[in-house]
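Right, one structure below, let's go through it.
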Amino acid sequence: MKCKAAIAREDVAEFGWSEVELDEPRADEILVRIAGVGLCHTDLIARDQFIPVGSPAVLGHEGAGEVVKVGSAVTKVGPGDRVALSFRSCGACRSCADHMPSYCQHFGGLNMSGARPDGSKAVRLDGQPISSNFFGQSSFAEYALAYESNVVRIDDDEVPLELLGPLGCGIQTGAGGVMRSLACPAGSSLLVVGGGSVGLAAVMGGAVQRCGTIIVVEPHAARRDLALELGATHAIDPIGNDVAAAVRDILPDGVDYAFDTTGRPDSFAAVLASLAVRGHFGMVSAQAADTTITLDVNSFILAGHHVQGIIEGDSDPDVFIPELIAHYKAGRFPYDRLVTTYPLADINRAIEDQHAGRCIKAVLIPDHGKGEAND
């Protein structure tokens, strides 16, 4: 079938907008009409080939929409079902068996290879196969092919369908990092570095967990103000300030838990200097391959610090996404306050606005044939 998609090309800073051909679903595939797709930092580092998915490519991995057609082996969903799309996992390795699919032993090949496991590509541009299957979906398009392991059926129709996509990666990463990975107990203290969508989801996760003190570090004043409205108790501007000293002015013994969304080595140092004895530090941001963290080994050992890498908030999407929706409906997790919508064809404007701080979480809405394809 033909549809329109945003195309990432090597050495081209902006996405193009073109008509592509999408395969009919194979036996294990699910064709989804995309209603909305979140814009995530991971899409941009894949565009820039920090994740070597190949180019040209259709990216996008926070899709949501309605099932149009399913392959003969699919039993989980059927035509007409509302679905949120997340990452793909094999379902058979030890991590998947332990309900930790984000650590699937085949995660890289299933999500970031730019092709199906057999090497085939589901999307063609001008008759030539291009990289696709990104996170088992490639949802920067009007339609996407997905799989049983990365679709979550949403029976509740009260949440706007286009808002479900960000739950599949960025929002579940931030919330899950605090609610599942770190599992902050009630009354504990939490430091969140970065007030973008992942960081603010972590703030809301901390509020759901009933953390006693939630400190956010963020340079944009509007995002600091929003963090305070969403549950943070304190907000620190890192520009011109010693973050660790500011944290210890609030909590002289340091914080119990810290969650960094920036991936910046200077942030790592500030976080480690802010941790209480036996404090836990979780980090989520994907960075260039040579990004390192430096530890003072003696201080690290003597303080009993824990440092933890986190993928997708340790989420099992079939369980955690419905949980987040329940918190949203109860008013405990108002993640829609982070969202600004754009036409999918305006993806480059959305990226510019997100970088400039004019929006927090861009959600791109396909027009399904109302616009003209161009590249």
Side-chain angles (χ1 to χ4, degrees), residues 22-32 40 42 46 51-54 57-65 67 69-79 81-123 129 131-139 144-155 164-165 167-173 175-177 179-181 183 282 284 286 308-324:
L22 180 65
D23 283 353
E24 287 292 309
R26 293 182 174 183
D28 62 341
E29 293 179 336
I30 300 163
L31 179 64
V32 179
C40 179
T42 302
I51 299 174
V53 298
V58 179
L59 303 174
H61 67 290
E62 292 185 349
V67 175
K69 188 184 298 186
V70 301
S72 60
V74 173
T75 60
K76 183 178 182 180
V77 295
D81 284 342
R82 292 158 48 94
V83 292
L85 308 184
S86 191
F87 59 89
R88 192 178 176 194
S89 55
C90 76
C93 69
R94 184 171 65 181
S95 293
C96 289
D98 287 342
H99 301 287
M100 297 291 280
S102 61
Y103 301 100
C104 174
Q105 293 177 9
H106 304 284
F107 189 95
L110 291 173
N111 292 281
M112 301 179 184
S113 67
R116 297 180 176 107
D118 67 2
S120 64
K121 298 181 177 182
V123 178
S131 292
S132 55
N133 208 57
F134 190 57
F135 280 69
Q137 54 181 283
S138 286
S139 48
L145 290 174
Y147 301 85
E148 286 192 315
S149 68
N150 73 315
V151 300
V152 179
R153 189 175 69 191
I154 308 298
D155 294 325
L164 295 174
L167 297 176
C169 184
I171 301 299
Q172 79 174 354
T173 294
M179 297 169 65
R180 292 177 59 90
S181 310
V284 297
Q308 179 177 355
I310 297 169
I311 296 291
E312 299 284 357
D314 289 1
S315 173
D316 181 341
D318 276 323
V319 175
F320 194 52
I321 288 177
E323 181 181 336
L324 291 179

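Please read these numbers as outputs of a predicted model, since none were measured by experiment.
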Quick one: does [X]'s side chain have a donor or acceptor within less than 3.5 Å of a partner on [Y]'s backbone?
| X | Y | answer |
| --- | --- | --- |
| Ser132 | Lys121 | no |
| Asp81 | Val67 | no |
| Thr173 | Cys169 | yes |
| Asn150 | Leu85 | no |
| Ser89 | Pro101 | no |
| Asp118 | Ser120 | yes |

Using every non-hydrogen atom in the two residues, find where [X] and [Y] come nearest and quote the distance to one decimal.
| X | Y | value |
| --- | --- | --- |
| Pro117 | Leu110 | CG-CD2, 3.8 Å |
| Ser95 | Cys104 | CB-N, 4.1 Å |
| Ser181 | Ile310 | OG-CG2, 3.3 Å |
| Pro317 | Ser86 | CG-OG, 3.6 Å |
| Val70 | Gly78 | CG1-CA, 4.2 Å |
| Leu31 | Pro25 | CB-CG, 4.2 Å |

With the side chain counted from C-beta on, respond yes when [X] and [Y] share a heavy-atom pair under 4.5 Å apart, and no when they do not.
| X | Y | result |
| --- | --- | --- |
| Val53 | Ser113 | no |
| Lys76 | Ile30 | no |
| Asn133 | Tyr147 | yes |
| Gln137 | Leu145 | no |
| Ser131 | Val58 | no |
| Gln105 | Cys90 | no |
| Asp316 | Met100 | no |
| Arg82 | Leu164 | yes |

To the nearest 0.5 angstrom, please state how far the OG1 atom of Thr42 sits from the CZ atom of Phe87.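 Separation between the atoms: 12.5 Å.
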Any chance you could measure Asp98, atom CG, to Cys93, atom SG, to the nearest 0.5 Å?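 Rounded to the nearest 0.5 Å, the CG-SG separation comes to 8.5 Å.
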Please report the C-alpha distance between Tyr103 and Asp314 in whole Å, then the side-chain angles of each, then the deciding distance to 0.1 Å, and finally whether the side chain to side chain donor-acceptor pair (under 3.5 Å) criterion is met. CA-CA 8 Å; Tyr103 301 100; Asp314 289 1; 2.3 Å; yes
Under 4.0 Å between a Lys/Arg side-chain N and an Asp/Glu carboxylate O for Arg116 and Glu29?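 Glu29 and Arg116: salt-bridged.
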Is the closest side-chain donor-acceptor distance between Ser139 and Glu62 under 3.5 Å?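 On atom types as modelled, these side chains do not qualify, holding no pair under 3.5 Å.
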Only one of Arg180, Gln172, Glu323 passes side-chain hydrogen bond (donor to acceptor under 3.5 Å, both in side chains) with Ser315; say which it is.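 When side-chain hydrogen bond (donor to acceptor under 3.5 Å, both in side chains) is applied between Ser315 and each of Arg180, Gln172, Glu323, only Gln172 qualifies.
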Within 45° of the axis and under 6.0 Å from the centre of the six-membered ring of Phe135, does NZ or CZ of Arg88 qualify?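 No, Arg88 and Phe135 do not form such a contact.
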Step by step, would you call Val83 with Val32 a side chain to side chain contact (heavy atoms under 4.5 Å, CB included)? CA-CA 8 Å; Val83 292; Val32 179; 4.0 Å; yes
